[in-house]
Amino acid sequence: MRDLLTDEAFGEALIEARDLRIGRNGGTLLDVAHLALDGQGPTVILGPNGAGKSLLLRCLHGLIAPDRGQVRQNGALLNAAARARQAMVFQKPVLLRRSVAANLDFVLKRQKLTRSDRKARIAVLLEEGGLSGKARQPARSLSGGEAQRLAVLRALASAPDILFLDEPTSALDPAATQDIEAMVLRAARRGTRIVMVTHDIGQARRLGHDIVLMQAGQIAEHALAHDFFDSPQSQAARRFLAGALVL
Ligand SMILES: Nc1ncnc2c1ncn2[C@@H]1O[C@H](COP(=O)(O)OP(=O)(O)OP(=O)(O)O)[C@@H](O)[C@H]1O
């Protein structure tokens, strides 16, 4: 992995953030000197409550503009076209007050597919998410696990280059968590770049190719997962893994 802090120019990373800063009321919420994510992954972002994980993810997705700094995708500043090639899944599923199938159709219509192509694609997606029997059911009536599976399907319906997930399983039981993890891994195998925030160290071990540890708005360590877990370099990582790191 490249030396993230001494790399001078924006390179050819899939997604790269430099000098990101967000401040509020005289304090610093986010202060990321440099983060470069290549085409591999999944990248898992870990850290204690309030460390800035969600803020970083939202900046990478262009949902919030930092006070300072830049995010680039494939070397170009993040613009609407690049953002359209990204998707995000939140802790609480974001669904429309429509049927399960109509939630997917809404996304597919933006891709200007014909009605029959959309129908076929919806069937494939529902099958993938184990929701085939629930196509006509109101999305709001789904269980928490089903609703999150639908939220992931909605995100994947546009076949994004990058999928950001912010604690997608923190409200789910182990079986529902396993379903989401399987969907995420399938998407990763199909070439979608995964960047995920979690509090679940077991999940980070199961899914992570590389780990970003955040502490107090900064990146304390970014390392390949096996290095991070087997021989963490920073004191912050050692304390976090020992359960002792708090903001
Ligand atoms: N819109 C905002 N206005 C003011 N402060 C904010 C705003 N959004 C986030 N913060 C603060 O920024 C800090 C980082 O928040 P963030 O949500 O990124 O943390 P996190 O690492 O994702 O935490 P958690 O694990 O608890 O979700 C927190 O102190 C939070 O209160």
Side-chain angles (χ1 to χ4, degrees), residues 4-5 15-37 41-71 78 83 86-94 144-145 147-148 151-152 155 162-174 176-177 180-181 184 193-208 210-223 225 228-229 232 234-247:
L4 300 171
L5 296 176
I15 191 143
E16 187 162 11
R18 187 174 285 278
D19 198 25
L20 286 188
R21 190 180 181 286
I22 297 178
R24 287 283 185 288
N25 307 323
T28 302
L29 302 179
L30 190 70
D31 185 8
V32 168
H34 189 207
L35 175 67
L37 302 180
T43 296
V44 173
I45 303 176
L46 288 170
N49 287 127
K53 304 179 296 297
S54 294
L55 285 177
L56 174 60
L57 209 64
R58 282 167 164 75
C59 284
L60 296 178
H61 186 35
L63 271 183
I64 48 176
D67 300 333
R68 203 178 70 195
Q70 289 184 347
V71 175
L78 204 57
R83 291 202 60 224
Q86 303 180 346
M88 185 148 173
V89 170
F90 299 87
Q91 180 178 358
K92 193 164 178 286
V94 179
Q148 193 61 300
V152 173
I162 306 176
L163 175 61
F164 297 104
L165 302 107
D166 194 355
E167 299 187 43
T169 62
S170 58
L172 304 184
D173 70 20
T177 296
I180 297 293
E181 289 183 6
V184 166
R193 179 64 165 86
I194 305 293
V195 185
M196 178 174 185
V197 169
T198 183
H199 278 283
D200 180 342
I201 292 181
Q203 183 168 68
R205 284 180 182 273
R206 290 190 293 277
L207 299 186
D210 56 299
I211 307 290
V212 174
L213 176 70
M214 297 207 63
Q215 183 197 13
Q218 301 189 349
I219 294 180
E221 186 159 340
H222 181 196
F228 180 84
F229 290 115
S234 63
Q235 198 191 14
R238 286 191 289 274
R239 294 188 64 217
F240 180 76
L241 292 171
L245 187 70
V246 290
L247 199 62

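All residue numbers in this chain count up from 1 along the given sequence. Whatever order the structure lists them in is the order used to number ligands and atoms, beginning at 1.
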* Shortest reach to atom 10 (N) of ligand 1 by a heavy atom, considering only Leu46, Leu29, Ile22 -> Leu29

* Would you check, one step at a time, whether the test side-chain contact (heavy atoms from CB on, under 4.5 Å) holds for Phe164 with Leu63? => CA-CA 11 Å; Phe164 297 104; Leu63 271 183; over 6 Å; no

* **Asn49: numbered ligand 1 atoms lying under 4.0 Å from its heavy atoms** => 23 (O), 24 (P), 25 (O), 26 (O)

* Asked: Does any non-hydrogen side-chain atom of Asp200 lie less than 4.5 Å from one of Arg206?
  -> yes

* Asked: Who pairs with Asp166 by salt bridge (charged side-chain N to carboxylate O under 4.0 Å, His left out), at least two apart in sequence or on another chain?
  -> Arg58

* Asked: For ligand 1, does Leu55 get within less than 4.0 Å through its side chain, its backbone, both, or neither, judged by non-hydrogen atoms?
  -> both

* Asked: Which one of Lys53, Gln91, Glu167, Arg58 has a non-hydrogen atom at the shortest distance from atom 20 (P) of ligand 1?
  -> Lys53

* Against heavy atoms of Ala51, which atoms of ligand 1 measure under 4.0 Å? -> 19 (O), 20 (P), 21 (O)

* Examine the proximity of ligand 1 to His199 and report which part, side chain or backbone, both or neither, has a heavy atom under 4.0 Å away. => side chain

* To do: For the pair Arg83 (side chain) and His61 (backbone), establish whether a donor and an acceptor sit closer than 3.5 Å, ignoring hydrogens and angles.
  => yes

* **Gln148 (side chain) donor-acceptor with Gln91 (main chain) under 3.5 angstrom** => yes

* Backbone of Pro48 reached by a side-chain donor or acceptor of Lys53 within 3.5 Å -> yes

* To do: Enumerate the atoms of ligand 1 whose separation from the nearest heavy atom of Pro48 is less than 4.0 angstrom.
  => 21 (O)

* **Selection from Gly50, Gly47, Ser54, Cys59 by shortest heavy-atom distance to atom 13 (C) of ligand 1** => Gly50

